Asker: 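Take a look at the following structure, please.
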Amino acid sequence: MKVRDTVADLADSLELPEEAVSNALRVTIIGRRRAVVEHHCGLLGYDAQCVEVSAAAGRARILGADLTLHAMDRDTLIVTGRIAAVEYA
């Protein structure tokens with residue numbers, strides 16, 4: 001059994017979201033103008049159309065127009081602009 005499966009089972013048994021007991025990437029979109037990315041593992045690159053972040057289980061891309069990196073710390077980053085989509089890979 002993988003650790004990831006064990007964490008998911010633990011979260012289910014406690015009736016908690018998985019990200020509450022693990023470092024799973026969480027992307028919260030607020031309207032179409034702000035994205036808050038929590039539990040990232042680093043910034044892979046960004047420009048006005050794409051912000052790409054590393055996660056424990058892959059990577060995520062925020063796509064849109066006029067994107068800016070509003071704030072970033074060790075665990076969280078905030079992207080503002082016109083957000084069109086979020087892709088996970």
Side-chain angles (χ1 to χ4, degrees):
M1 179 180 272
K2 293 181 181 179
V3 172
R4 187 175 189 183
D5 294 335
T6 304
V7 169
D9 291 342
L10 176 64
D12 284 342
S13 67
L14 296 174
E15 297 181 2
L16 295 170
E18 185 178 344
E19 65 272 6
V21 294
S22 74
N23 283 334
L25 185 71
R26 182 187 346 198
V27 179
T28 305
I29 305 296
I30 303 166
R32 294 185 63 96
R33 304 287 298 168
R34 181 179 294 248
V36 179
V37 182
E38 298 172 278
H39 307 294
H40 68 86
C41 295
L43 184 65
L44 297 173
Y46 74 96
D47 60 30
Q49 290 79 37
C50 178
V51 176
E52 188 169 11
V53 297
S54 177
R59 56 179 66 184
R61 279 185 228 130
I62 299 169
L63 305 171
D66 302 322
L67 299 179
T68 58
L69 191 57
H70 183 75
M72 180 177 170
D73 65 18
R74 191 170 60 105
D75 187 58
T76 305
L77 63 90
I78 299 172
V79 177
T80 58
R82 291 184 307 208
I83 297 168
V86 176
E87 295 179 346
Y88 297 95

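What you are looking at is a predicted structure, and each value in this text was computed from that prediction instead of being measured.
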Asker: What is the distance from atom CZ of Arg61 to atom CD of Glu87, rounded to the nearest 0.5 Å?
Answerer: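 It comes to 5.0 Å.
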Asker: Under the side chain to side chain contact (heavy atoms under 4.5 Å, CB included) rule, what do Leu63 and Val86 come out as? Steps first, then yes or no, please.
Answerer: CA-CA 6 Å; Leu63 305 171; Val86 176; over 6 Å; no
Asker: Using every non-hydrogen atom in the two residues, find where Ala24 and His39 come nearest and quote the distance to one decimal.
Answerer: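 What the structure gives for the nearest pair is O-CD2, 3.2 Å.
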Asker: Does the side chain to side chain contact (heavy atoms under 4.5 Å, CB included) test come out yes or no for Val79 and Thr68, once each step is laid out?
Answerer: CA-CA 6 Å; Val79 177; Thr68 58; over 6 Å; no
Asker: Under a single-linkage rule joining Ile, Leu, Val, Met, Phe, Trp and Tyr whose side-chain heavy atoms are separated by less than 4.5 Å, which residues share a cluster with Leu44?
Answerer: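 For Leu44, no cluster forms, as it stays isolated from other hydrophobic side chains.
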Asker: Say you draw a straight line from CG of Leu43 to CD of Glu52; how long is it, rounded to the nearest 0.5 Å?
Answerer: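 With rounding to 0.5 Å, CG (Leu43) is 9.0 Å from CD (Glu52).
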Asker: Is the closest side-chain heavy-atom distance between Tyr88 and Val27 below 4.5 Å?
Answerer: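 A side-chain contact under 4.5 Å exists here.
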Asker: Can I get a per-line list of side-chain donor-acceptor pairs under 3.5 Å for residues 28-35, giving both atom names and the distance, sequence neighbours left out?
Answerer:
unit_1: Arg32; atom_1: NH2; unit_2: Ile83; atom_2: O; d: 3.3

Asker: Does anything in residues 62-77 form a salt bridge (Lys or Arg N to Asp or Glu O under 4.0 Å)? List the pairs, not counting sequence neighbours.
Answerer: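 Only Asp66-Arg82 qualify under salt bridge (Lys or Arg N to Asp or Glu O under 4.0 Å).
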Asker: With hydrophobic residues grouped by side-chain heavy-atom distances under 4.5 Å, do Met72 and Val53 end up in a single group?
Answerer: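 Yes, one cluster joins them.
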Asker: Is there a side-chain contact between Thr76 and Val37 (heavy atoms, below 4.5 Å)?
Answerer: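 Contact flag for Thr76/Val37 side chains = no.
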Asker: Of all the heavy-atom pairs spanning Asp47 and Val51, show the shortest one and how long it is.
Answerer: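 Scanning both residues completely, I find the closest heavy atoms to be O-CG2, 4.5 Å.
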Asker: Kindly indicate, with the supporting measurements, whether the criterion side chain to side chain contact (heavy atoms under 4.5 Å, CB included) is fulfilled by Leu69 and Ile78.
Answerer: CA-CA 6 Å; Leu69 191 57; Ile78 299 172; over 6 Å; no
Asker: Identify the two heavy atoms, one from Cys41 and one from Ala55, that lie closest to each other, and give their separation to 0.1 Å.
Answerer: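 Heavy atoms of Cys41 and Ala55 come nearest at SG-C, 3.8 Å.
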Asker: Minimum heavy-atom separation for Cys50 and Leu67, please, with both atom names.
Answerer: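 Residues Cys50 and Leu67, closest heavy atoms: N-CD1, 3.8 Å.
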Asker: Is there a continuous path of hydrophobic side-chain contacts, each under 4.5 Å between heavy atoms, that joins Leu77 to Val36?
Answerer: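 Leu77 does not cluster with Val36.
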